[in-house]
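Input: a single structure, listed below in C-alpha cells.
Keep in mind that what you see is a predicted model, and the values were worked out from it rather than measured. When reading the values below, keep in mind they use all heavy atoms of this one structure, side chains included, and skip hydrogens, waters and symmetry mates.
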Amino acid sequence: MREFKSFSSTEQTSLPQPHRGPSSSEIYAEPENFLEAEVINPKTHSPNGSDTRGMFTDYEIVCRTNLPAFGKRVSRVRRRYSDFEFFRKCLIKELAMCGGHPRVVVPRLPGKILLGNRFNDDVIEERRQGLSKWLQAVAGHPLLQSGSKVLVRFVEDERFVG
C-alpha cells in the first residue's frame, strides 16, 4: 500500500486499481442539456364534409427538453404547414432584432405542394419527414435552444401567434 500526501490531505490507495467503466445507469442517464423535437401523426381535416375546399393537414410536434428556457419538459402541439412558414418568418425577424447572429442560418422549409394531390398519404408522409428534419435542424442549433423565445412558443403554446 502506498501513501500519497497532498497539501490538504493524506490518501491511501492500493495500486494497481482496475479501470471501472461507467455503470448502465450512467450510460443511459439523461444528458446534461437536451432538446428533442419531432413531427409525427399527421391528420387531414375536412371542415366542409366531402367538399375538398378548406381541407388541411396538421402535424403533431412532440418536444422533450430539460433546458431552463423552456417551461415544459414535454410538450405536444399541432401545427399546419402555414404555422411552420410563420414560425420561420418570426425566427428570422427575432434574429434580425438581436443584431442578426452570423452563425445562425435558418434553413428553408420543404417546398409547398403546388400540383398533384397534397392529401395523398405518400405526399403527407414525405412532407412530415421534411418538416421533422427541418425542425430538428432548427431546434438543434445551440444558440436558438438557449435564446429563442419564438422557438419556445412554437413548440409549447397551444396556439402559435408568433
Side-chain angles (χ1 to χ4, degrees), residues 22 24-162:
S24 62
S25 61
E26 292 169 334
I27 292 171
Y28 296 108
E30 185 177 276
E32 190 172 316
N33 289 313
F34 74 94
L35 173 62
E36 299 170 348
E38 61 182 330
V39 179
I40 61 171
N41 194 18
K43 286 188 182 170
T44 300
H45 305 269
S46 183
N48 302 323
S50 62
D51 187 0
T52 58
R53 286 179 293 165
M55 281 180 71
F56 66 92
T57 302
D58 65 9
Y59 304 84
E60 183 177 9
I61 296 174
V62 179
C63 179
R64 291 178 278 292
T65 186
N66 65 355
L67 294 171
F70 291 77
K72 301 175 183 175
R73 288 184 59 80
V74 177
S75 62
R76 292 176 178 273
V77 294
R78 296 203 69 85
R79 299 284 185 252
R80 297 171 65 160
Y81 183 85
S82 58
D83 295 323
F84 280 86
E85 290 179 312
F86 183 52
F87 168 51
R88 184 177 186 276
K89 287 178 185 174
C90 291
L91 198 53
I92 291 169
K93 185 176 179 180
E94 179 184 54
L95 289 167
M97 289 173 57
C98 297
H101 203 288
R103 287 184 280 170
V104 179
V105 176
V106 181
R108 294 196 179 279
L109 282 163
K112 252 193 172 327
I113 301 161
L114 301 175
L115 299 172
N117 184 1
R118 63 185 177 154
F119 301 111
N120 173 291
D121 288 344
D122 293 335
V123 172
I124 290 171
E125 177 57 19
E126 186 177 329
R127 174 172 272 179
R128 183 205 63 77
Q129 289 175 8
L131 290 173
S132 193
K133 184 177 176 181
W134 181 85
L135 184 59
Q136 288 168 3
V138 169
H141 197 292
L143 294 173
L144 297 177
Q145 287 179 356
S146 60
S148 175
K149 291 177 174 49
V150 175
L151 173 60
V152 173
R153 289 192 300 268
F154 186 71
V155 298
E156 287 188 345
D157 292 358
E158 202 59 42
R159 282 192 60 237
F160 178 65
V161 292

- Under the side-chain contact (heavy atoms from CB on, under 4.5 Å) criterion, do Phe84 and Phe154 qualify, and how do the steps go? CA-CA 9 Å; Phe84 280 86; Phe154 186 71; 3.9 Å; yes
- Item | Check against side-chain contact (heavy atoms from CB on, under 4.5 Å), Val150 and Phe87 | CA-CA 7 Å; Val150 175; Phe87 168 51; 3.5 Å; yes
- Please walk me through it: do Leu91 and Glu94 pass side-chain contact (heavy atoms from CB on, under 4.5 Å)? CA-CA 5 Å; Leu91 198 53; Glu94 179 184 54; 3.7 Å; yes
- Item | Derivation of the side-chain contact (heavy atoms from CB on, under 4.5 Å) call for Glu156 and Cys63 | CA-CA 8 Å; Glu156 287 188 345; Cys63 179; over 6 Å; no
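By the 4.5 Å heavy-atom criterion applied to side chains, Cys90 and Phe86 are counted as neighbours. Within the 4.5 Å cutoff, the side chain of Val123 has no heavy atoms near those of the Asn117 side chain. Two residues are said to be in side-chain contact when any heavy atoms from C-beta on lie closer than 4.5 Å; Lys93 and Met97 meet this criterion. With a 4.5 Å cut-off on side-chain heavy atoms, Thr57 and Tyr81 do not count as touching. Residues Glu125 and Asp122 have side chains not in contact (no heavy-atom distance under 4.5 Å, counting atoms from C-beta outward).
Expressed to the nearest 0.5 Å, how far CG of Leu135 lies from CD1 of Ile61 amounts to 5.5 Å. Note: Arg127 CZ to Leu109 CG = 9.0 Å, rounded to the nearest 0.5 Å. Separation of atoms CG (Asp83) and OH (Tyr59) is listed at 11.5 Å; rounding is to 0.5 Å. Distance check, rounded to the nearest 0.5 Å: CZ of Arg76 to CD1 of Ile40 gives 5.5 Å.
Figure legend: cation-pi geometry between Arg79 and Phe160 absent, as NZ or CZ is not positioned both under 6.0 Å from the six-membered ring centre and within 45° of its axis.
What you find for Val155 and Ser75 is that their closest heavy atoms are O-OG, 2.7 Å. When all heavy atoms are compared, the tightest approach of Pro107 to Trp134 is O-NE1, 2.9 Å. Val77 and Asp157 make their closest contact through CG1-O, 3.4 Å (heavy atoms, listed as atom of the first residue, atom of the second, distance). The minimum heavy-atom distance between Arg78 and Pro42, with the atom names listed, is NH2-C, 3.9 Å.
More than 12 heavy atoms of other residues, nucleotides or ligands sit less than 6.0 Å from atom CD of Gln136.
Looking only at distances, a side-chain donor or acceptor of Arg128 sits under 3.5 Å from a matching main-chain atom of Val39. Without hydrogens or angle criteria, Thr65 side chain to Phe34 main chain gives a donor-acceptor distance under 3.5 Å.
Using a cut-off of 4.0 Å between Lys/Arg side-chain N and Asp/Glu carboxylate O, Glu38 and Arg64 are scored as salt-bridged. Comment: Arg88 does not engage Glu85 in a salt bridge, judged by the lack of any side-chain N to carboxylate O separation of less than 4.0 angstrom.
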